[in-house]
Number of protein chains: 2
Amino acid sequence: MDKTFHTPCLGESCGDCGFRSTLFNCLSSEQLEKLSKSKDLIKAKKGETIIRQGEKIKDFIFLRIGLAKLTRISSDGKEQLVGIARPKDFIGLLSLFSSSTHQYSIIAIEDSEYCVVNFETINKLIQENGKLAYSLLQKISLVSDLLLGTKLDIDNRQLRGRIAFILSLFSKDIYESTKFNLPISRKEIGELIDMRVENVVRILSEFRKDKIISIEGTTIEILQPDKLEWIKNHG
Amino acid sequence: MDKTFHTPCLGESCGDCGFRSTLFNCLSSEQLEKLSKSKDLIKAKKGETIIRQGEKIKDFIFLRIGLAKLTRISSDGKEQLVGIARPKDFIGLLSLFSSSTHQYSIIAIEDSEYCVVNFETINKLIQENGKLAYSLLQKISLVSDLLLGTKLDIDNRQLRGRIAFILSLFSKDIYESTKFNLPISRKEIGELIDMRVENVVRILSEFRKDKIISIEGTTIEILQPDKLEWIKNHG
DNA sequence: TATCAATATTGATAAATATCAATGGATAAA
DNA sequence: TTTATCCATTGATATTTATCAATATTGATA
């Protein structure tokens, strides 16, 4: 977090924040006031670590803008990519209530902004406000379901299906466009869907030769979404 | 749930239940009273379905006694075993707050007893009682972390390591004994750790030949825990 | 008991995936 | 600029895993 720098939040109060509607909707004016005072808005450039696995949990983190990867050091010491998270995924909630230290690292893979709120402040708000607690329960359920579901889906597929799955995910869920810049390296794609770099490259090339996608360096365009979808489901 | 039958709870009130200490500790006498009145204790024999994927969520489920498997129908229509759950795992909390239908089936793999509490009752209690909400947040975090963590651990290993992992899990985490009855079939083990039945059998036989385990039908005894641990971590 | 279906087991073979090796490119550091 | 490092790519090969086939074995049921 060395190179990050603090700036005042764009909105004067957390009530103006886009997250209000989804999470802080239920707070009273006084509660919003309290929240607004205890928060910081922080920017992280691509590549910077937002949360490091093993650190003591002191704050809530909300990714406001950007894209981040969730990683962990696996039991055999290798880095494992657990998932990709957008702002609305509330990835910062993971294992927040079940551990005193962060179980995963969160690393920006695009220039990002995130909000940091003192953990104790939120804890007190939960005690006072049942609706906030309920809202948090929903968010935690959602992010956990998403991550586990994605892992289970990937396990069912072999390599071509996995590559198609991940391309579809970036195209449909994250960038909502058939043309996008891959925010992670081939090696990281491999870590995410459990395969070797060489095979990631090989299958991407294969898709290129079959004119299903086009590749220009880090930019990918999906030329035949139907075919890709078919491979994702049957390949 | 056809063959299940209702009986009064063993304790007169939920305050006497073993779960009190971990979840309902924070409730007032009146709240416990309310809870006790709205619950049912249900028995499920081995093989019976407790919750079916896709059903509307009407109740909270707490596994009190026994063992259950968590399954889902994967995108390609096959049954997939997501995890094994003991009472303290609070598996019934999964996706309870993020969906109106159950995302997973829960099936007893040993004779079990579980408590059923009306969902709305708990919802109201959450609104009134911030500590209950906090406690639920912890439980949900724990069960999600456990499932995802297990899946990530398994992904790192090849077949021998996976079998060793699952044997170690049954021995250490579930039965706390080096000798135990496997509660699931070879096929289900395969579904759980993503491999084919034939290979499950083959590797179990291999371990038997190497005198790491002994197999008598469904009973397994771990003869060399150290060797099994080594395979789990390096095999 | 006899019968049927599901599970368990083993071997042979095919297919999928990982590993090893070599090279070019890009980028950052000296 | 040179050097070093990491990433991307491709081919050849080895290893792992899945598939196919055949046969027990078990368990439930009529």
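Labels below follow one simple rule: chain letters A, B, ... track the order of the sequence lines, proteins then strands, and each chain is numbered from 1.
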Next on the checklist: Can you say whether a donor on the side chain of B/R196 sits under 3.5 Å from an acceptor on the base of D/dT16, or the other way round?
Outcome noted: no
Item to check | Check: D/dT17 base within 3.5 Å donor-acceptor of B/R157 side chain | outcome: no
Next on the checklist: Can a side-chain donor-acceptor contact be found between A/N181 and A/T219 if the only test is distance below 3.5 angstrom?
Outcome noted: yes
Checklist entry - In terms of ring plane angle, is the pair A/F119 and A/F97 parallel, tilted or perpendicular, where the classes change at 30° and 60°? => result tilted
Next on the checklist: Regarding D/dC7, can its base be found pairing with the side chain of A/E188 as donor and acceptor, where the two atoms are less than 3.5 Å apart?
Outcome noted: no
Checklist entry - Whole Å only: how far is the CD1 atom of B/I189 from the P atom of D/dT17? => result 17 Å
Item to check | A/D145 and B/Q103: side chain donor to acceptor below 3.5 Å | outcome: no
Next on the checklist: As a test of understanding, state which of B/R157, B/K78, B/K151 forms a salt bridge (Lys or Arg N to Asp or Glu O under 4.0 Å) with B/D194.
Outcome noted: B/K151
Checklist entry - Whole Å only: how far is the CD atom of A/E198 from the P atom of D/dC7? => result 13 Å
Checklist outcome for this item: To the nearest angstrom, the CG-P distance between A/D194 and D/dT17 comes to 13 Å
Next on the checklist: Assuming nearest nucleotide by heavy-atom distance, tell me which of A/L204 and A/Q158 is located more 5' along DNA chain D.
Outcome noted: A/L204
Checklist entry - What integer distance in Å separates A/R186:CZ from D/dA8:P? => result 5 Å
